[in-house]
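Worksheet: one structure, shown below.
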There are 2 protein chains.
Amino acid sequence: MAIVPVENRRAEVVRVAARLFCERGFDGTTTRDIAEAVGMRSGSPFYHFKSKQEILAAVMEEGLVAGLPAAETIAASVLPPRAKFRALVRAHLEIVLGEGHDFIPVLLYDWRRLTPELRARVQVLRDRYDQLWQDVVNELSAAGLLKSDSAVARLLLMGAVNYTVLWYKPGQGSDLEQIAEEAVAMFVGPEA
Amino acid sequence: MAIVPVENRRAEVVRVAARLFCERGFDGTTTRDIAEAVGMRSGSPFYHFKSKQEILAAVMEEGLVAGLPAAETIAASVLPPRAKFRALVRAHLEIVLGEGHDFIPVLLYDWRRLTPELRARVQVLRDRYDQLWQDVVNELSAAGLLKSDSAVARLLLMGAVNYTVLWYKPGQGSDLEQIAEEAVAMFVGPEA
DNA sequence: CCTACCGATCGGTAGG
DNA sequence: CCTACCGATCGGTAGG
């Protein structure tokens with residue numbers, strides 16, 4: 001038995017909540033489920049969070065904070081537009097579909113369960129992520145590698161990629177690498 | 001006051017439930033909300049449906065039954081592949097985003113809330129819809145107008161189109177016609 | 001389809 | 001973070 005610092009209990013709640021929210025949805029998970037899975041009593045999550053929705057927001061924010069650095073590095077790299085886009089898609093698929101990556105799926109599934117206030121708070125981080133995509137898509141566009149207006153293009157592209165969360169089954173059919181390749185091939189066309 | 005046949009009360013429950021589920025989500029809507037909006041007492045929806053989830057399944061099935069004929073007509077038409085795909089996308093956007101079309105968004109939002117039994121039941125209709133898309137996508141592929149394997153291609157394409165339900169705002173930005181055009185332009189490339 | 005009601009669940013809190 | 005508990009809600013049912 002390792003000695004676990006008290007500060008980690010909060011993070012543990014967030015991590016367990018992410019898993020349960022991802023599996024059963026926000027409304028399909030009770031704060032009691034979370035408490036039990038973490039080894040607490042039913043009321044104890046509320047020592048760490050003001051409300052169930054605050055836990056949800058924390059899950060989403062942790063997912064975004066964890067995913068942003070990789071995406072930022074890719075966006076700031078000197079890769080040519082098509083390769084950069086491919087790397088971004090690949091990194092995003094990992095965040096959405098990778099083993100133990102339950103945070104962003106929760107954001108995609110249960111965004112609407114956030115109160116307006118919490119939604120606005122999480123949106124700040126989300127905007128940064130969306131902007132990175134927009135930048136990379138704009139580079140594609142500027143290089144003549146993408147038809148369609150870039151604002152709607154970004155939404156359609158992110159839709160295609162995010163929607164994988166609803167159909168992808170690990171170890172069945174294409175793997176993440178293949179899906180990334182197919183998506184890029186279909187959207188961007190063959191080479192520059 | 002028109003005289004309303006008793007049989008229409010059930011349909012009324014489904015229609016009202018579709019609107020409320022679409023606005024607030026399945027878990028965010030109580031059977032009491034539905035009853036009140038339809039002008040019944042709180043227990044009366046259960047005269048028409050065995051459970052709340054049966055109402056949800058009915059909403060989804062009505063959406064699919066309403067949408068299938070148009071999609072079938074398009075798939076069976078003699079349009080060239082690109083035009084056929086464009087027509088399918090356009091029809092689908094109408095079903096997903098059109099005014100008063102709350103049924104398919106509910107399917108997209110709350111598919112996971114169905115019990116396994118009900119999910120299997122609704123899946124039968126959903127499979128028919130997916131197959132139509134697959135046929136049209138395969139035609140595109142056969143005509144050399146689409147890169148990427150067609151099974152994954154269909155999922156990515158439907159993802160892009162279905163995801164519009166999360167960002168489209170009527171009367172703000174592109175309209176359905178424009179979105180359809182941009183989607184086709186981006187995915188299929190310029191002309192055959 | 002209404003009346004009347006239940007049984008259980010659930011988010012959240014006071015007080016330590 | 002636990003104990004003990006509340007207040008409200010909610011899906012669903014019996015019986016007519």
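Residue numbering restarts at 1 for every chain, and letters A, B, ... go by the order of the sequence lines. These values consider heavy atoms only, across backbone and side chains, with no hydrogens, waters or symmetry-generated copies.
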(request) Starting at atom CZ of A:R9, determine the distance to atom P of D:dC1, rounded to an integer number of angstrom. (result) 4 Å
(request) Could you tell me whether B:R126 sits above the aromatic face of B:W111, with NZ or CZ closer than 6.0 angstrom to the six-membered ring centre and within 45 degrees of the axis? (result) yes
(message) Less than 4.5 Å apart, side chain to side chain, heavy atoms only: is that true for B:L93 and B:V161?
(response) yes
(message) Heavy atoms from C-beta onward define the side chain here; which of D:dC2, D:dG12, C:dG12 lies closest to that of A:S42?
(response) C:dG12
(message) Please pick, from C:dC1, D:dC5, D:dC1, the nucleotide with the shortest atom-to-atom distance to any side-chain atom of A:H48.
(response) D:dC1
(message) How many whole angstroms separate atom CD of B:E36 from atom P of D:dC10?
(response) 12 Å
(message) Assuming nearest nucleotide by heavy-atom distance, tell me which of A:G43 and A:D33 is located more 5' along DNA chain C.
(response) A:D33
(request) Answer yes if the ring centres of B:Y129 and B:H92 are under 6.0 angstrom apart, and no otherwise. (result) yes
(message) OP1 or OP2 of C:dT9 versus the side-chain N and O atoms of A:R32: is any pair under 4.0 Å?
(response) no
(message) Using a 4.0 Å heavy-atom cut-off, does B:T30 contact any base of the nucleic acid, only the sugar-phosphate backbone, or nothing at all?
(response) sugar-phosphate
(request) Enumerate, in order of first residue number, the stems that involve DNA chain C, defined as 3 or more consecutive Watson-Crick or G-U wobble pairs with both distances under 3.5 Å. (result) C:1-16 with D:1-16
(request) Count the heavy atoms of every other residue, nucleotide or ligand shown that sit under 6.0 Å from CD of B:E23, and state whether that count exceeds 12. (result) yes
(message) Taking the side chain as everything from C-beta on, heavy atoms only, tell me whether B:F21 gets closer than 4.5 Å to B:D102.
(response) no
(message) Quick check for you: among C:dC1, D:dC1, D:dG12, whose closest atom lies nearest to any side-chain atom of A:S44?
(response) D:dC1
(request) Send over the distance from A:D27 CG to C:dC10 P, rounded to a whole Å. (result) 11 Å
(request) Find the distance A:L56:CG to C:dG11:P and express it as a whole number of Å. (result) 12 Å
(message) Does a side-chain N or O of B:R41 approach OP1 or OP2 of C:dT3 to a distance below 4.0 Å, or not?
(response) yes
(message) Side-chain heavy atoms nearer than 4.5 Å, only ILVMFWY residues, links allowed to pass through others: does that put A:L125 and B:L166 together?
(response) yes
(request) Take the protein atom CZ of B:R24 and the nucleotide atom P of D:dC10, then report the distance between them rounded to whole Å. (result) 11 Å
(request) When you get a sec, tell me which of D:dC1, C:dG12, C:dC1 is the closest nucleotide to the side chain of A:Y47? (result) D:dC1
(request) Compare side-chain N and O positions of A:T31 against OP1 and OP2 of C:dC10 and report whether any pair is under 4.0 Å apart. (result) no
(request) Round to a whole Å and report the spacing from CD of A:Q53 to C1' of C:dG12. (result) 13 Å
(request) Please report, rounded to the nearest Å, how far the P atom of D:dT9 is from the NZ atom of B:K52. (result) 15 Å
(request) Provide, to the nearest angstrom, the distance between the NZ atom belonging to A:K50 and the C1' atom belonging to C:dG12. (result) 13 Å
(message) Is it the case that the side chain of A:S150 and the backbone of A:V137 share a donor-acceptor pair, with hydrogens and angles ignored and the cut-off at 3.5 Å?
(response) no
